[in-house]
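For reference, the structure is listed below as structure tokens.
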Protein chains: 2
Amino acid sequence: MLGGREMRIGQLAQLVGIETQTIRFYEQQGLLSPPDRQENGYRSYTKMHGEQLTFIRRCRKLDLSLVEIHELLSYQKHPHQPCSAINSLLDDHISDVRTQITSLQALENQLVSLRASCSNEREIETCGVLAEISDPKIHS
Amino acid sequence: MLGGREMRIGQLAQLVGIETQTIRFYEQQGLLSPPDRQENGYRSYTKMHGEQLTFIRRCRKLDLSLVEIHELLSYQKHPHQPCSAINSLLDDHISDVRTQITSLQALENQLVSLRASCSNEREIETCGVLAEISDPKIHS
DNA sequence: AAAAACCATATAGTTACTATAAGGTCAATA
DNA sequence: TATTGACCTTATAGTAACTATATGGTTTTT
């Protein structure tokens with residue numbers, strides 16, 4: 001009998017460090033191959049499923065969306081094409097991340113300068129922060 | 001008659017630069033005071049509603065959550081308390097934003113170095129990016 | 001009178017899960 | 001043997017902050 005070391009969903013979850021529901025969710029989303037079932041209906045996973053899951057998780061840690069991961073997986077199924085598509089997916093993602101950083105930095109500046117408009121020793125009525133939000137001065 | 005310049009929802013929306021559904025949504029969430037109704041059931045807004053909405057929108061541009069905005073509004077209703085609560089809400093938010101920036105920068109570094117592992121002139125089979133995600137080298 | 005533009009409510013969709021409900025299966029214990 | 005506990009199953013709802021859609025009433029314009 002080939003395939004002696006099959007796992008149930010709980011074991012796979014522990015192996016990868018993820019919740020069982022998340023595994024079912026990925027299957028439902030078409031990201032993880034549907035496993036065989038035992039006679040009782042329990043899912044029966046192989047090492048391959050563990051690798052697929054790990055791939056997905058690594059992509060998620062890179063903040064790739066499930067749609068992007070889907071795209072990468074579909075590329076994997078057609079290995080004899082140029083990989084420029086993969087690289088441009090990544091380039092786009094990097095540029096997204098950079099845009100996010102830039103706008104968060106601008107936000108940080110706004111918040112810090114807003115914060116500077118009040119100390120803690122006032123009453124809410126005269127709070128500089130609230131006043132600034134309600135009625136901003138020129139320097140925005 | 002006091003209150004000669006009342007608006008319908010569409011006019012308010014245009015004034016603030018927002019969609020009508022968003023206005024109804026804020027009302028439903030308890031962020032915007034429910035307006036009077038005309039005889040036909042249409043909402044009838046005053047200048048005050050415009051100001052409330054502008055306040056909410058400014059907060060949202062600072063990326064404050066609706067819950068945080070709710071909190072700020074509740075402070076506004078009790079003006080004779082120390083405003084330290086407002087300031088610490090803001091401090092917490094600033095620290096959140098900084099955390100986000102830091103982790104996005106780390107992410108950017110990872111993505112850039114991942115991207116460096118492949119040029120566009122390969123086939124998917126030998127794509128360095130895919131290989132790295134599937135089976136990362138030490139330098140992570 | 002009919003069409004266009006506006007208003008109303010209720011409901012579903014978005015993302016990537018997480019949580020809950022209601023129930024079936026299995027191993028070990030009382 | 002009965003039952004407890006841990007595990008599994010599916011289906012459904014909740015999260016955040018809207019946005020979009022369906023369905024229908026009202027008002028204004030043509």
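Fair warning: this is a prediction, and the values are worked out from it, not measured in the lab. Letters A, B, ... mirror the listed sequences (proteins, then strands); counts begin at 1.
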Report task. Using a 4.0 Å heavy-atom cut-off across all strands, classify B:Arg43 as base, sugar-phosphate, or nothing. Result -> sugar-phosphate
Taking the side chain from [X] and the backbone from [Y], do they hold a donor-acceptor pair closer than 3.5 Å?
X        : Y        : value
B:His78  : B:Tyr75  : no
B:His93  : A:Leu111 : no
A:Ser134 : A:Ala131 : no

Query - Nearest-0.5 Å distance that lies between atom CG in B:Asp63 and atom CD in A:Gln110 - result: 10.5 Å
Write down the distance between [atom1] ([X]) and [atom2] ([N]), rounded to a whole number of angstrom.
X       : N      : atom1 : atom2 : answer
A:Asp63 : C:dA16 : CG    : C1'   : 11 Å
A:Leu66 : C:dT14 : CG    : C1'   : 13 Å
A:Ile23 : C:dA16 : CD1   : P     : 18 Å

Report summary line: Sequence neighbours excluded, the answer for side-chain hydrogen bond (donor to acceptor under 3.5 Å, both in side chains) partners of B:Gln100 is none
Query raised in the report: Does B:Arg37 have a side-chain nitrogen or oxygen under 4.0 Å from the phosphate oxygens OP1 or OP2 of C:dT9?
Result: yes
Query - Dot-bracket line, read 5' to 3' along DNA chain D, where crossing pairs take [ ] and | marks a partner on another strand, Watson-Crick or G-U under 3.5 Å - result: ||||||||||||||||||||||||||||||
Report summary line: B/S/- along nucleotides 19-26 of chain C (protein heavy atoms under 4.0 Å) is BB---BBS
Query - Identified side chain to side chain contact (heavy atoms under 4.5 Å, CB included) partner of B:Cys59 from the options B:Leu73, B:Leu31, B:Leu72 - result: B:Leu72
Report summary line: By salt bridge (Lys or Arg N to Asp or Glu O under 4.0 Å), B:Glu108 pairs with (sequence neighbours left out) A:Arg98
Applying side-chain contact (heavy atoms from CB on, under 4.5 Å), can you list everything that pairs with [X], at least two apart in sequence or on another chain?
X        : value
A:Arg58  : A:Thr54, B:Ile133, B:Pro136
A:Asn109 : none
B:Gln14  : none
B:Arg115 : A:Asn87, A:Leu90, A:Asp91, A:Ile94, B:Asn120

Query - Side chain to side chain, B:Leu130 and A:Phe55, heavy atoms closer than 4.5 Å - result: yes
Query raised in the report: Nucleotide range of DNA chain D contacted by chain A, 5' to 3', under 4.0 Å to a heavy atom?
Result: D:dC7 to D:dT10
List the atom pairs, donor and acceptor, that lie under 3.5 Å between side-chain atoms in residues 21-29 of chain B and the rest of the protein, sequence neighbours left out.
unit_1	atom_1	unit_2	atom_2	d
B:Tyr26	OH	B:Arg57	NH2	2.6
B:Glu27	OE1	B:Arg43	NE	2.8

Requested in this report: Residues of residues 25-34 of chain B with any non-hydrogen atom less than 4.0 angstrom from an atom of DNA chain C: list those, numerically ordered, please.
Outcome: none
Query - Residues in contact with DNA chain D, drawn from residues 47-62 of chain A - heavy-atom cutoff 4.0 Å - result: none
Query raised in the report: Are A:Ile18 and A:Leu64 grouped together when hydrophobic residues (ILVMFWY) are joined by side-chain heavy atoms under 4.5 angstrom apart?
Result: yes
Query raised in the report: Does any donor atom in the side chain of A:Glu6 or A:Ser44 lie under 3.5 Å from an acceptor atom in the other side chain?
Result: yes
